[in-house]
Undergrad: 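Dumping the structure here so I can ask a few things about it.
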Amino acid sequence: MDLYGRLEELQGMTRLLIDDVSLLKPLIGEGEPDPSDGMKAHRRFYFRAVFALVEALVEQHRRLLIELTNAGIITLKDAKLRELREIKDVLDDTGEVVAQREKYLQIFDKIKAVYKAAGDGFGQELDITFGDDGWVTFKDAMELRNRVTHPKRAEDCWIFQQHLNTVNRANDWFRALQNEFVRVARAHREQHRW
């Protein structure tokens with residue numbers, strides 16, 4: 001797929017997943033002290049939809065950075081590019097590379113790798129801090145999502161207002177990160193006319 005095809009795919013997928021989140025949000029009974037069974041189900045669906053959107057965007061941004069590097073539009077160091085490609089060098093006893101193998105990044109590591117690489121590649125750091133309250137909230141929300149998606153007991157499926165608040169704040173933090181990616185990518189595109 002060419003670069004423009006990738007951008008169209010990214011936009012189409014983003015619209016679809018944003019629509020999922022938008023359609024579910026009014027159905028979750030936010031602020032409702034005694035949510036109905038339907039609201040409780042929609043809360044679980046909402047959690048999954050928010051993080052499906054997050055994971056899809058991170059993956060698409062990862063692929064886009066690789067394609068921009070391959071096309072010579074941006075430059076990334078070899079080690080950073082291997083990390084984004086999710087490839088690890090296998091070394092022999094002398095330190096020589098003898099093979100490469102897949103090394104998939106976990107979501108928190110992937111987010112850091114992708115958006116730090118975007119700053120490097122586009123020549124402008126994203127205005128985001130990993131380690132601030134937003135990042136901590138995002139990690140907490142991801143734990144809630146994992147609990148709801150992979151429940152071990154019935155209580156794992158219960159979502160209260162404070163959980164909704166955490167996921168909403170995490171979603172806001174990630175949207176700010178995603179907007180920063182778009183801002184620096186657009187500035188680079190305008191400057192370099194690609």
Undergrad: Closest approach of His150 and Lys152, non-hydrogen atoms and distance?
TA: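 Residues His150 and Lys152, closest heavy atoms: O-NZ, 3.1 Å.
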Undergrad: Applying side-chain contact (heavy atoms from CB on, under 4.5 Å) to Met13 and Gln60, what does each step give before you reach the verdict?
TA: CA-CA 9 Å; Met13 182 191 55; Gln60 291 300 315; 2.9 Å; yes
Undergrad: Roughly how far, to the nearest 0.5 Å, is the NE2 atom of His192 from the CZ atom of Phe122?
TA: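 The NE2 atom of His192 is 10.0 Å from CZ of Phe122, to the nearest 0.5 Å.
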Undergrad: Is there a side-chain contact between Thr166 and Arg169 (heavy atoms, below 4.5 Å)?
TA: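 The answer is yes, as the side chains (C-beta and beyond) meet within the 4.5 Å cut-off.
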Undergrad: Can you hop from Ile18 to Phe51 via hydrophobic side chains spaced under 4.5 Å?
TA: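 They do share one cluster, since a chain of ILVMFWY contacts under 4.5 Å joins Ile18 to Phe51.
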Undergrad: Verify the cluster assignment for Ile73 and Leu81: are they in a single hydrophobic cluster under the rule of side-chain heavy atoms below 4.5 Å apart?
TA: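 Yes: a chain of side-chain contacts under 4.5 Å links Ile73 to Leu81.
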Undergrad: For residues Phe45 and Leu144: do they belong to one hydrophobic cluster (side chain heavy atoms under 4.5 Å, members Ile, Leu, Val, Met, Phe, Trp, Tyr)?
TA: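 Yes; tracing contacts between hydrophobic side chains, which count when under 4.5 Å, links both residues.
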Undergrad: Hey, are Tyr46 and Asn168 close enough side-chain-wise for a donor-acceptor pair under 3.5 Å?
TA: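 Looking only at side-chain atoms, Tyr46 and Asn168 do form a donor-acceptor pair, the distance falling under 3.5 Å.
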Undergrad: Between Val50 and Arg145, does a side-chain contact (heavy atoms from CB on, under 4.5 Å) hold up when you go through it step by step?
TA: CA-CA 9 Å; Val50 165; Arg145 176 262 183 202; over 6 Å; no
Undergrad: Got a second to check how far Arg153's CZ is from Arg147's CZ, nearest 0.5 Å?
TA: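 One finds 8.0 Å between CZ of Arg153 and CZ of Arg147.
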Undergrad: Determine whether Ile74 and His188 make a side-chain contact, defined as any pair of heavy atoms from C-beta on separated by less than 4.5 Å.
TA: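 Yes, side chains in contact.
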Undergrad: Is the backbone of Met39 close enough, under 3.5 Å, to the side chain of Ser36 for a donor and an acceptor to pair up by distance?
TA: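 Confirmed, Ser36 side chain pairs with Met39 backbone.
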Undergrad: For Ile28, which of Arg43, Arg44, Gln161 qualifies under side chain to side chain contact (heavy atoms under 4.5 Å, CB included)?
TA: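 Of all the options given, the one that passes is Arg43.
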Undergrad: Is the backbone of Arg175 close enough, under 3.5 Å, to the side chain of Asn179 for a donor and an acceptor to pair up by distance?
TA: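 Checking the backbone N and O of Arg175 against the side chain of Asn179, a donor-acceptor pair under 3.5 Å is found.
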Undergrad: Are more than 12 heavy atoms, taken from residues, nucleotides or ligands other than Glu32, located less than 6.0 Å from that residue's CD atom?
TA: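 Yes, enclosed.
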Undergrad: Hey, what do you get for OG1 (Thr137) to CG (Asp172), rounding to the nearest 0.5 Å?
TA: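 Thr137 atom OG1 to Asp172 atom CG measures 10.5 Å (nearest 0.5 Å).
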Undergrad: Stepwise, does the side-chain contact (heavy atoms from CB on, under 4.5 Å) test hold for Val54 with Phe138?
TA: CA-CA 11 Å; Val54 166; Phe138 181 83; 3.7 Å; yes
Undergrad: Search all heavy atoms of Ile66 against all heavy atoms of Leu84 and return the closest pair with its distance.
TA: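 What the structure gives for the nearest pair is CD1-O, 3.5 Å.
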Undergrad: Could you give the side-chain donor-acceptor pairs of residues 91-98 under 3.5 Å, partners two or more places apart or in another chain?
TA:
| from | atom 1 | to | atom 2 | distance (Å) |
| --- | --- | --- | --- | --- |
| Asp92 | OD1 | Thr94 | N | 2.9 |
| Asp92 | OD1 | Thr94 | OG1 | 2.7 |
| Asp92 | OD1 | Gly95 | N | 3.1 |
| Asp92 | OD1 | Glu96 | N | 3.0 |
| Asp92 | OD2 | Thr94 | OG1 | 3.4 |

Undergrad: For atom CD of Glu155, decide whether the heavy atoms of other residues, nucleotides or ligands shown that lie under 6.0 angstrom number more than 12.
TA: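 Counting neighbours around CD of Glu155, more than 12 heavy atoms of other residues, nucleotides or ligands fall under 6.0 Å, so yes.
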Undergrad: Assess the pair Phe130 and Phe108: is the distance between their ring centroids shorter than 6.0 Å?
TA: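 Centroid distance Phe130-Phe108: not below 6.0 Å, so no.
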Undergrad: For the residue pair Ala117 and Leu65, what are the closest heavy atoms and their distance?
TA: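 Minimum heavy-atom contact is CB-CD1, 4.2 Å.
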Undergrad: Indicate the atoms forming the closest heavy-atom contact of Glu180 with Ile128, along with that distance.
TA: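 Heavy-atom minimum between the residues: CG-CG1, 4.3 Å.
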Undergrad: Taking the side chain as everything from C-beta on, heavy atoms only, tell me whether Glu59 gets closer than 4.5 Å to Arg62.
TA: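 A side-chain contact exists here, since the closest heavy-atom pair is under 4.5 Å.
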Undergrad: Verify the ring-centre separation between His61 and Tyr115: is it less than 6.0 angstrom?
TA: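 Distance test on ring centres: under 6.0 Å, yes.
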Undergrad: Please report the closest heavy-atom contact between Ala187 and Gln124, naming both atoms and the distance.
TA: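 Residues Ala187 and Gln124, closest heavy atoms: CB-OE1, 4.0 Å.
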Undergrad: For the atom pair CD (Glu67) and CG (Leu64), what is the distance rounded to the nearest 0.5 Å?
TA: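 So the gap between those two atoms works out to 6.5 Å.
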Undergrad: Side chains of Trp158 and Val148, heavy atoms from C-beta outward: is any pair under 4.5 Å?
TA: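 No; the side chains remain at least 4.5 Å from each other.
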Undergrad: For the atom pair NZ (Lys77) and OG1 (Thr69), what is the distance rounded to the nearest 0.5 Å?
TA: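 These two atoms lie 13.5 Å from each other.
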Undergrad: As a quick check of understanding, evaluate side-chain contact (heavy atoms from CB on, under 4.5 Å) for Gln100 and Lys88, giving each step before the final call.
TA: CA-CA 6 Å; Gln100 292 184 327; Lys88 179 179 174 142; over 6 Å; no
Undergrad: Is there a path from Leu76 to Phe181 through hydrophobic residues (I, L, V, M, F, W, Y) whose side chains come within less than 4.5 Å of each other?
TA: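 Yes, one cluster joins them.
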Undergrad: Mind checking the NZ-CD1 spacing from Lys139 to Ile111? Nearest 0.5 Å is all I need.
TA: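 Taking NZ in Lys139 and CD1 in Ile111, the distance rounds to 10.0 Å.
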Undergrad: For Arg48 and Thr149, which heavy atoms make the closest approach, and how far apart are they?
TA: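 Scanning both residues, the minimum pair turns out to be CG-OG1, 3.8 Å.
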Undergrad: Are His42 and Lys25 side-chain neighbours, meaning at least one heavy-atom pair lies under 4.5 Å?
TA: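 They are not in contact (no side-chain heavy atoms under 4.5 Å apart), so the answer is no.
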Undergrad: Crowded around Arg183 CZ? As in, over 12 foreign heavy atoms under 6.0 Å?
TA: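 More than 12 heavy atoms, drawn from other residues, nucleotides or ligands, come within 6.0 Å of this atom.
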Undergrad: Give a yes or no on whether Leu24 and Ile159 share a hydrophobic cluster (residues Ile, Leu, Val, Met, Phe, Trp, Tyr; joining criterion: side-chain heavy atoms under 4.5 Å apart).
TA: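 Linked within one cluster.
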Undergrad: Could you tell me whether Lys80 and Asp120 make a salt bridge, using a distance below 4.0 angstrom between a side-chain N and a carboxylate O?
TA: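 No, no charged N to carboxylate O under 4.0 Å.
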